[in-house]
Amino acid sequence: MRLSIVYNPVSGTGAGREAAARARAALERLGHEVEVHATSANEPTAEVARRAAERADRLIAMGGDGTVTDVAAGILAAGARVPLAVVPAGTANILALNLGIPDKPGPAIELAVAGRVSSIDVGRVNGEVFLLTVS
């Protein structure tokens, strides 16, 4: 599977670069082709994700709720139907909590490639994307 990890290097504790490198190594050991993309002020998350969505079978958003939402916005902007997986690495990670995604990177990465794909609601208000889960 072709995977793209999009991460925010300043999300949560700021340990994103190291966590993304560990995730890449683990996924490559499982036989996946993995690209890793850091976001920055010059390369906003949605734009990085838009480009990555055009080449990947699945995008993995590694960060907090803001990173996940911006990655979703990038997928929508690309017009892609690529699944979005979430690896919590931010401060709050409310979406991951609502979806039952493990808060530890290892189990979340395993779920990102082996878990089932399901749909959630996506909305847009004043040009901003938001994700909604119903419990």
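Side-chain atoms are counted along with the backbone in the values below, which use heavy atoms only and exclude waters and symmetry mates.
- Residues Arg116 and Ser118 share a closest heavy-atom pair of NH1-CB, 3.3 Å.
- A chain of hydrophobic side-chain contacts below 4.5 Å, direct or via other Ile, Leu, Val, Met, Phe, Trp or Tyr residues, connects Ile120 to Ile75.
- Linking ILVMFWY residues whenever their side-chain heavy atoms come closer than 4.5 Å, directly or via other members, leaves Val82 and Leu3 in distinct clusters.
- In this structure, Leu59 CG and Ile5 CD1 are separated by 10.0 Å, a value rounded to the nearest 0.5 Å.
- In the displayed structure, Glu33 atom CD is contacted under 6.0 Å by at most 12 heavy atoms of other residues, nucleotides or ligands.
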Check against side chain to side chain contact (heavy atoms under 4.5 Å, CB included), Glu43 and Arg51:
CA-CA 11 Å; Glu43 291 197 89; Arg51 289 192 311 267; 2.6 Å; yes
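- Ile109 places none of its side-chain heavy atoms less than 4.5 Å from the side chain of Arg22.
- Under the 4.5 Å side-chain heavy-atom criterion for ILVMFWY residues, no single connected hydrophobic cluster contains both Val36 and Val48.
- Contact between Pro102 and Ala108 at its shortest, heavy atoms only, is O-CB, 3.6 Å.
- At least one donor-acceptor pair under 3.5 Å links the side chain of Arg58 to the backbone N or O of Ala112.
- Between Ile101 and Pro88, some side-chain heavy-atom pair lies under the 4.5 Å cut-off.
- A single hydrophobic cluster is not seen to contain both Leu111 and Tyr7; linkage of ILVMFWY side chains at heavy-atom distances under 4.5 Å, directly or through other members, places them apart.
- Taking every heavy atom of both residues into account, Ala49 and Gly74 meet most closely at CB-CA, 4.1 Å.
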Evaluate the side chain to side chain contact (heavy atoms under 4.5 Å, CB included) criterion for residues Arg55 and Arg2: first the C-alpha distance (whole Å), next the side-chain angles of each, then the deciding distance (0.1 Å), finally the verdict.
CA-CA 8 Å; Arg55 300 188 298 277; Arg2 290 175 314 192; 5.8 Å; no
Start with the C-alpha gap between Leu131 and Asp121, add the side-chain angles, then the distance that decides, and say whether side chain to side chain contact (heavy atoms under 4.5 Å, CB included) holds.
CA-CA 6 Å; Leu131 307 173; Asp121 293 321; over 6 Å; no
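- Between the side chain of Arg24 and the main chain of Glu35, no donor-acceptor pair closer than 3.5 Å is present.
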Assess the residue pair His32 and Glu28 against the criterion (side chain to side chain contact (heavy atoms under 4.5 Å, CB included)); give the C-alpha distance rounded to whole Å, side-chain angles, the decisive distance to 0.1 Å, and a yes or no.
CA-CA 5 Å; His32 299 287; Glu28 286 177 340; 6.0 Å; no
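- Side-chain atoms of Asn93 and Asp103, non-hydrogen and from C-beta on, never get closer than 4.5 Å to each other.
- In this structure a side-chain-to-backbone donor-acceptor pair under 3.5 Å is missing from Asp57 to Met1.
- Listed here is the closest heavy atom pair of Met62 and Ala89: CG-CB, 4.1 Å.
- To the nearest 0.5 Å, the span separating CD on Glu47 from CG on Asp70 amounts to 12.0 Å.
- Follow the hydrophobic side-chain contacts under 4.5 Å out from Leu84 and you never reach Ile60; the two are in separate clusters.
- In this structure, Asn8 contributes its side chain and Thr39 its backbone to no donor-acceptor pair below 3.5 Å.
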